[in-house]
2 protein chains.
Amino acid sequence: MSSPVPDGPAGADEGLRARKRAATQSALERAAVSLALEHGYDNVTVDMICEAAMVSPRTFFNYFGTKEGAFLGGTPPAPTDAEHQAFVHGTSRDVLGDLVGMIADAMADHSPDTDLLRRRRMLIERTPELLTGETSRIAELEEHLVKLVLERFAVQGRTEARTPDLADEARMVVSLAGSVMRYSMQKWFSGGFTGTPVELLHHSLALVRRVAGSIAPAAR
Amino acid sequence: MSSPVPDGPAGADEGLRARKRAATQSALERAAVSLALEHGYDNVTVDMICEAAMVSPRTFFNYFGTKEGAFLGGTPPAPTDAEHQAFVHGTSRDVLGDLVGMIADAMADHSPDTDLLRRRRMLIERTPELLTGETSRIAELEEHLVKLVLERFAVQGRTEARTPDLADEARMVVSLAGSVMRYSMQKWFSGGFTGTPVELLHHSLALVRRVAGSIAPAAR
DNA sequence: AGACAAAAATACAGTAACTGCATCGAAATC
DNA sequence: GATTTCGATGCAGTTACTGTATTTTTGTCT
């Protein structure tokens, strides 16, 4: 108690302000999911969530910007700088796999709250529109992801001079990653999958390979 | 010409009621696109559209159900029975290509109004959120499309007994088709593509094949 | 500890999308 | 021509979301 928190090394808190902020956000998300599980997503209003979490409606929108956001979790998945670098300088030839892995990591290191995740999963399972919403949120990252892939191509020495449609290829990689994520999330949230997320992604990637690989060039 | 429209083979009209209906729908769609091109999508309200098209706001929602609908075109793309059958009984090995082709057809035979299509394309080009919206509309068909693919598999003699995860495969085909459509639409609406839609689809499919094919099983 | 700056919570008023319901008028059916 | 059917409309209400000004809380500096 002598030194006034010089620079907490392993400290999980960054000041009381941030802690309170995290608390209210968490409270709102929990309230949202709980209410939706009880009454159904459509029958839950923002006001109800605010009352349960004891904050003003205006504050709600300061946090999430949209009603849906409270149910899906505050901030859309964004890769950290570390993940960014790891991907760009990855050496494997499996660009798609690495990209999917990065997105999955970004989604995972999001909220370590196991219980909330479980309840959220139940909710999404019975509320397909939320699945669509999450898909859209990921889609908003596309532009950024395309840049990442191009960066990685550059690091690997692939240039537009050698491959004229490199930008197209990057865009397609991102688009395919979207497919894999969508497929995986769908399978994950529909409950039919028993296993770890990592296994699920491998399963999905293998399936992509099989399906896309069986494309014959139309001409027999 | 003698019989009073017994069953018009090529007849374009199905009574005055239907014609009027089509007229107002068209008027609303035109007004919506025009206003958005002039003022920007966000700055156009439903009331403005209604005033321009001279219908009540209530009627607007009777037609489209959502504001976005007026800009994207009344009814979401749905394959006709003919297209349905053609796909299910297709003999080619390229399930993905055929599926994409069917969706494209469904979107094409939608509105033969070239001018409106051109203006809509301009609008979407400068309004990415609409692109996302159209993507979501297609996503709503997914369940249906999965059934179609499974039907086709059945016709081709592929059964769950032989391929345990046939349903998974079907789902992935649909998911990949989504990717191709998304990629194609993106490229189409971004204006960078000079060619017919059919060529674009071939380009996209080839790219999928190249990208997905280059997936090495991670282990080197 | 007390003054002061920064940030967050709130109140308030307003816009705009969307819905249910009852009514009215035109079109199809007989 | 009478009836039934269907689309258009008016109206009142709910709900998501925003801008702005005000108040409360928290961090900081002396």
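These figures come from a predicted structure and were not determined experimentally. Note on naming: letters A, B, ... go to the chains in the order of the sequence lines (proteins, then strands), and numbering restarts at 1 for each one.
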### Residue-level proximity of residues 126-141 of chain A to DNA chain C when a heavy atom falls under 4.0 Å
none

### Summary
Looking only at heavy atoms, the pair that brings A/Cys50 and A/Pro57 closest together is SG-CA, 3.4 Å

### Query
Taking only residues at least two apart or on different chains, which pairs with a member in residues 54-73 of chain A satisfy ring-ring contact (aromatic ring centres under 6.0 Å, His included)?
A/Tyr41-A/Phe71, A/Phe60-A/Phe64

### Message
Are there over 12 heavy-atom neighbours, none belonging to A/His203, within less than 6.0 Å of that residue's NE2?
### Response
yes

### Strand-adjacent residues in residues 29-38 of chain B, judged by heavy atoms under 4.0 Å from DNA chain D
none

### Message
I'd like to check the salt bridge (charged side-chain N to carboxylate O under 4.0 Å, His left out) partners of B/Asp42; sequence neighbours left out, ordered by chain and number.
### Response
none

### Query
Where along residues 46-56 of chain B does a heavy atom fall under 4.0 Å from DNA chain D?
B/Val55, B/Ser56

### Query
Less than 4.5 Å apart, any side-chain heavy atom of B/Leu176 and any of A/Leu176?
yes

### Query
Any salt bridge (charged side-chain N to carboxylate O under 4.0 Å, His left out) pairs touching residues 128-138 of chain B, not counting sequence neighbours?
B/Glu134-B/Arg137

#### Entry: Protein-to-nucleotide contact annotation, 5' to 3' order, nucleotides 24-30 of chain D [B base; S sugar-phosphate only; - none; under 4.0 Å, heavy atom]
-BBS---

### Task
List in chain and number order the residues that pass side chain to side chain donor-acceptor pair (under 3.5 Å) with B/Thr66, two or more places apart in sequence or in another chain; answer none if no residue qualifies.
none

### Message
Restricting to salt bridge (charged side-chain N to carboxylate O under 4.0 Å, His left out), what partner residues turn up for A/Asp47, sequence neighbours left out?
### Response
none

### Task
Specify the separation, in whole Å, of atom NE2 of A/His39 and atom P of D/dT15.
13 Å

### Query
To the nearest 0.5 Å, how far apart are CG in B/Leu131 and CD in B/Gln186?
6.5 Å

### Message
Please enumerate all residues that pass salt bridge (charged side-chain N to carboxylate O under 4.0 Å, His left out) together with A/Lys67, with sequence neighbours excluded.
### Response
none

### Task
Test side chain to side chain donor-acceptor pair (under 3.5 Å) on B/Arg30 and B/Ser26 and set out the steps.
CA-CA 6 Å; B/Arg30 287 165 193 278; B/Ser26 174; 3.0 Å; yes

#### Entry: Any side-chain heavy-atom pair of B/Arg120 and B/Leu123 under 4.5 Å
no

### Message
If the test is side-chain contact (heavy atoms from CB on, under 4.5 Å), which one of B/Leu200, B/Ile124, B/Ile138 qualifies with B/Met185?
### Response
B/Ile138

### Task
Please state how far atom CD in A/Gln25 lies from atom P in C/dA9, giving the value in whole angstrom units.
11 Å

### Task
Could you list all the salt bridge (charged side-chain N to carboxylate O under 4.0 Å, His left out) pairs where at least one residue sits in residues 96-105 of chain A, not counting sequence neighbours?
A/Asp98-A/Arg152

### Query
Is any NZ, NE, NH1 or NH2 atom of the basic residue among B/Asp168 and B/Arg171 found under 4.0 Å from an Asp or Glu carboxylate oxygen of the other?
no

### Message
Short of 4.0 Å, heavy atom to strand atom, which residues of residues 58-69 of chain B count as contacting DNA chain C?
### Response
B/Arg58, B/Phe61, B/Gly65, B/Thr66, B/Lys67

